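Heavy-atom basis, side chains included; hydrogens, waters and symmetry copies ignored. Here the structure is a predicted model, which is why all the values come from computation and not from measurement.
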Protein chains: 4
Amino acid sequence: MAETAARGRPRSETARRAVLDAALRLCQRDGYQALTIKGIAHAAGVGRQTVYRWWPTKEAVLLEALRDLVHRQGARLAPDTGDTLADVRTLLDTTFRLARELTGHALVGLMAQAQHDGQLSARLQGTVIGPRRAALRDVLARGVRRGELSDEEVPLDLAADFAFGTMWYRLISQHAPVDDDLAARLSLALWRLLSPGGPHQAERCAAP
Amino acid sequence: MAETAARGRPRSETARRAVLDAALRLCQRDGYQALTIKGIAHAAGVGRQTVYRWWPTKEAVLLEALRDLVHRQGARLAPDTGDTLADVRTLLDTTFRLARELTGHALVGLMAQAQHDGQLSARLQGTVIGPRRAALRDVLARGVRRGELSDEEVPLDLAADFAFGTMWYRLISQHAPVDDDLAARLSLALWRLLSPGGPHQAERCAAP
Amino acid sequence: MAETAARGRPRSETARRAVLDAALRLCQRDGYQALTIKGIAHAAGVGRQTVYRWWPTKEAVLLEALRDLVHRQGARLAPDTGDTLADVRTLLDTTFRLARELTGHALVGLMAQAQHDGQLSARLQGTVIGPRRAALRDVLARGVRRGELSDEEVPLDLAADFAFGTMWYRLISQHAPVDDDLAARLSLALWRLLSPGGPHQAERCAAP
Amino acid sequence: MAETAARGRPRSETARRAVLDAALRLCQRDGYQALTIKGIAHAAGVGRQTVYRWWPTKEAVLLEALRDLVHRQGARLAPDTGDTLADVRTLLDTTFRLARELTGHALVGLMAQAQHDGQLSARLQGTVIGPRRAALRDVLARGVRRGELSDEEVPLDLAADFAFGTMWYRLISQHAPVDDDLAARLSLALWRLLSPGGPHQAERCAAP
DNA sequence: TCCTAAGCGAGACGGTACGTCGTGTCTTCTG
DNA sequence: CAGAAGACACGACGTACCGTCTCGCTTAGGA
């Protein structure tokens with residue numbers, strides 16, 4: 001195979017992980033604006049140039065930290081248990097917990113930055129936003145195929161907007177928590193919204 | 001009354017307006033992160049100290065600019081035309097247009113900053129988020145009072161989260177536009193979601 | 001007259017003097033190579049930008065420091081006491097003391113830097129080297145006019161090279177001191193070298 | 001004999017020469033201050049570590065380069081042709097040419113550095129300054145032994161200072177060239193200065 | 001009509017993070 | 001083992017903006 005021969009000292013995985021961890025930790029502790037390449041390097045016990053060698057901006061550092069986090073979780077985003085409602089709720093639960101506990105500030109900060117950075121925006125889409133969105137769509141589409149749901153009245157994309165939109169809205173506005181209860185309520189509301197015959201059938205499953 | 005006698009040169013309204021306008025304009029053009037007190041002052045043709053004299057941070061400048069903008073519009077947020085669906089759509093239309101055209105970047109940036117600034121968060125709630133939210137709730141509550149809608153299955157607060165959540169989600173994620181079509185679709189979806197007897201009645205009004 | 005109106009906060013003379021003093025002091029203490037804009041600013045209790053605002057390089061700082069020093073001395077370089085030999089010796093004494101005590105390292109460092117910087121070279125000529133050279137030439141020329149000396153055998157310029165060349169040679173090579181004794185010996189040697197009739201007349205004045 | 005057995009790959013003479021040549025060339029081209037270990041290694045097509053393995057500083061590199069140069073010339077510094085004046089002139093000529101063409105910038109830079117580095121200063125003395133100085137003294141001393149010159153009025157050391165001091169002075173100050181004409185004038189001036197009976201005898205030999 | 005006070009523009013002040021570059025050390029593979 | 005390649009921790013470079021501080025000049029109300 002055409003693997004380029006590795007020459008010179010190999011990249012330090014230790015330094016890489018120290019930088020990513022420090023970046024997420026500092027961002028969550030002090031906020032996105034206060035996050036600094038200098039601060040990251042210092043907290044990671046790493047030279048400033050080592051950060052610049054591998055990442056062009058603090059956004060790139062955070063993005064890779066998030067991607068690593070997701071990969072490390074390796075979570076099955078859309079398991080098929082046969083119970084569409086439960087699958088939706090599980091997916092939302094998982095997503096909410098991640099956003100709530102680890103990555104909230106980083107994500108909001110990155111999003112703000114992405115307003116004027118098309119490339120960052122695209123990478124956020126591909127790495128974080130898109131997969132979650134696709135997973136929810138898949139789960140809902142399974143419900144449609146089984147005849148439990150219908151996308152005629154309300155397109156599935158709009159339904160996905162509802163779910164994740166509510167999460168983001170609460171993350172940034174902080175007028176209400178992003179917790180398990182929200183996941184439950186959202187699942188039911190989506191069920192009701194997409195019920196083919198009307199909202200009555202949504203009652204087959206009581207709210208907690 | 002205990003009015004302090006005005007002494008010395010009075011504050012220049014010209015400078016104040018120049019600062020607020022420049023702040024919004026620069027923020028929308030270059031992004032929140034690139035917005036700078038120095039840049040604002042320069043673009044407004046104003047000394048830097050004049051900005052610092054009246055606003056402690058660039059956040060305060062943007063916040064006042066947004067408040068001024070809303071006041072200047074003086075728009076009736078929740079007019080009662082008797083047609084609940086139309087009122088919802090009008091409210092969303094107005095809100096979307098404002099966010100899309102003028103204040104999107106500023107709002108997202110402020111929200112990101114508010115993640116770690118409780119005071120800013122509270123002021124954003126009171127000035128921007130809260131009133132819109134309350135207005136939508138009012139319109140929906142009128143529908144409930146008229147018997148057109150029901151808040152038994154889905155609470156009105158969650159419905160409001162759906163509407164504005166979708167807006168925010170699309171503003172930051174940019175996977176779909178925030179336009180009139182979205183307002184129409186959202187209005188219908190809310191109607192269907194809150195219909196007392198089921199989604200069938202939502203069909204009284206065809207999508208465009 | 002067309003003096004431009006001074007606007008804004010006026011330059012701080014305190015900061016200016018602190019920078020110049022710190023530069024000379026640090027250069028003499030740690031050497032030219034170890035001299036750093038950062039170090040100068042720190043030692044002067046001044047922001048780094050304040051140095052960069054007024055001087056483009058550390059060379060410019062040192063040059064102005066030297067010029068200030070010379071101006072502050074305001075010394076009459078070439079006093080005319082009527083005794084040519086004494087005048088020569090006084091001039092060399094003054095020059096040697098200055099170089100030995102305050103400016104030696106700075107001067108040598110600047111000269112090294114001037115090897116590749118024509119502008120710096122020219123300014124050193126005009127500010128430091130040239131005036132001393134001219135002063136010595138003047139004193140010797142007075143001796144020629146009085147008939148005590150002659151420039152027929154050895155041009156006065158070469159004689160000046162002898163005197164200051166020896167100083168520089170010893171400054172950089174450090175094989176022998178640049179002290180009062182050198183000034184005395186040099187004066188006598190110049191006298192002998194330029195004596196019109198021969199070196200015998202130089203004996204009118206005994207060596208110390 | 002106690003020669004340590006050479007083990008492993010022997011030192012590459014090619015690399016050594018490449019480093020020394022690159023150092024001298026870069027120093028003369030860009031100046032002493034701009035000379036960099038990294039730059040030397042790159043220009044020599046050599047790894048940085050290879051430089052650090054054999055030389056502690058760029059000064060050491062330059063010093064060895066100069067020493068090599070002198071050895072390669074292998075020039076007889078003080079040939080005895082029987083004509084003292086001619087010998088002086090030859091010595092100065094040789095010295096001036098070397099300084100002018102190849103090593104000027106390196107020498108001045110090293111001298112500046114040696115202001116605060118006693119060890120470097122000593123090595124410069126031993127390698128470059130001292131031998132030339134001693135050679136000139138020897139030639140002059142021969143003249144004294146022959147009765148052509150006298151060191152009673154002016155010590156030979158001071159005469160040597162005159163010659164080399166003038167060279168250095170012109171090298172760093174650049175107010176006049178260091179050329180063959182200077183060698184001729186200097187030789188005559190030294191002759192005159194050291195003439196036992198007076199300057200008249202110096203006229204036995206006309207200036208060019 | 002001056003006097004006093006405060007706002008205004010301008011811009012220098014002491015700081016700090018930026019992104020780049022060179023330092024001297026280290027760790028890999030190749031010859 | 002030497003050598004090339006290059007990553008590592010470190011720190012100075014010169015720039016930009018921070019928030020504060022003086023300046024000279026309005027621009028008002030009160031004497």
OP1, OP2 of E:dC13 versus side-chain N and O of C:Trp54: anything below 4.0 Å?
-> yes

Determine, for B:Arg25 against B:Asp21, whether the closest basic-nitrogen to carboxylate-oxygen distance falls under 4.0 angstrom.
-> no

Just how far, in rounded Å, is P of E:dG9 from CZ of C:Arg7?
-> 10 Å

Considering heavy-atom distances to DNA chain E, does D:Thr57 or A:Pro10 have its closest nucleotide positioned more toward the 5' end?
-> D:Thr57

OP1 or OP2 of F:dA2 sitting under 4.0 Å from any side-chain N/O of D:Thr50?
-> no

SB check A:Arg16 A:Asp68 (cutoff 4.0 Å) = yes

Below 3.5 Å, does any donor atom in the side chain of A:Gln49 face an acceptor in the base of E:dC21, or the other way round?
-> yes

Do the non-hydrogen side-chain atoms of C:Leu20 and C:Trp55 ever get within less than 4.5 Å of each other?
-> yes

Taking side chain as C-beta onward, heavy atoms only, is A:Gln113 less than 4.5 Å from A:Leu120?
-> yes

Length of the CD-P vector between B:Glu13 and F:dA28, whole Å | 14 Å

Any side-chain heavy atom of D:Leu62 sitting closer than 4.5 Å to one from D:Leu24?
-> yes

Assign each of C:Ala15 and A:Pro56 the nucleotide of DNA chain E bearing its closest heavy atom; nearer the 5' end lies the nucleotide of C:Ala15

Sub-4.5 Å side-chain heavy-atom contact between B:Leu107 and B:Val128 = yes

Rounded off to whole Å, could you give me the OH-to-P distance for the D:Tyr52 and E:dT27 pair?
-> 17 Å

Protein-nucleotide distance (B:Arg53, atom CZ; E:dG9, atom C1'), rounded to Å = 10 Å

Round to a whole Å and report the spacing from CH2 of A:Trp55 to P of E:dG19.
-> 15 Å

Side chains of B:Val108 and B:Tyr32: does their closest heavy-atom pair fall under 4.5 Å?
-> no

Could you state the atom-to-atom distance from NZ of A:Lys58 to P of E:dC18 in whole Å?
-> 8 Å

Side-chain donor/acceptor of B:Arg9 to base of E:dG7, under 3.5 Å | yes

What's the CZ-C1' distance between A:Arg48 and E:dT16, to the nearest Å?
-> 11 Å

Under a 4.0 Å heavy-atom cutoff, the residues of residues 34-47 of chain C touching DNA chain F are C:Thr36, C:Ile37, C:Lys38

C:Asp30 has an atom CG; how far is it from atom C1' of F:dA12, in whole Å?
-> 15 Å

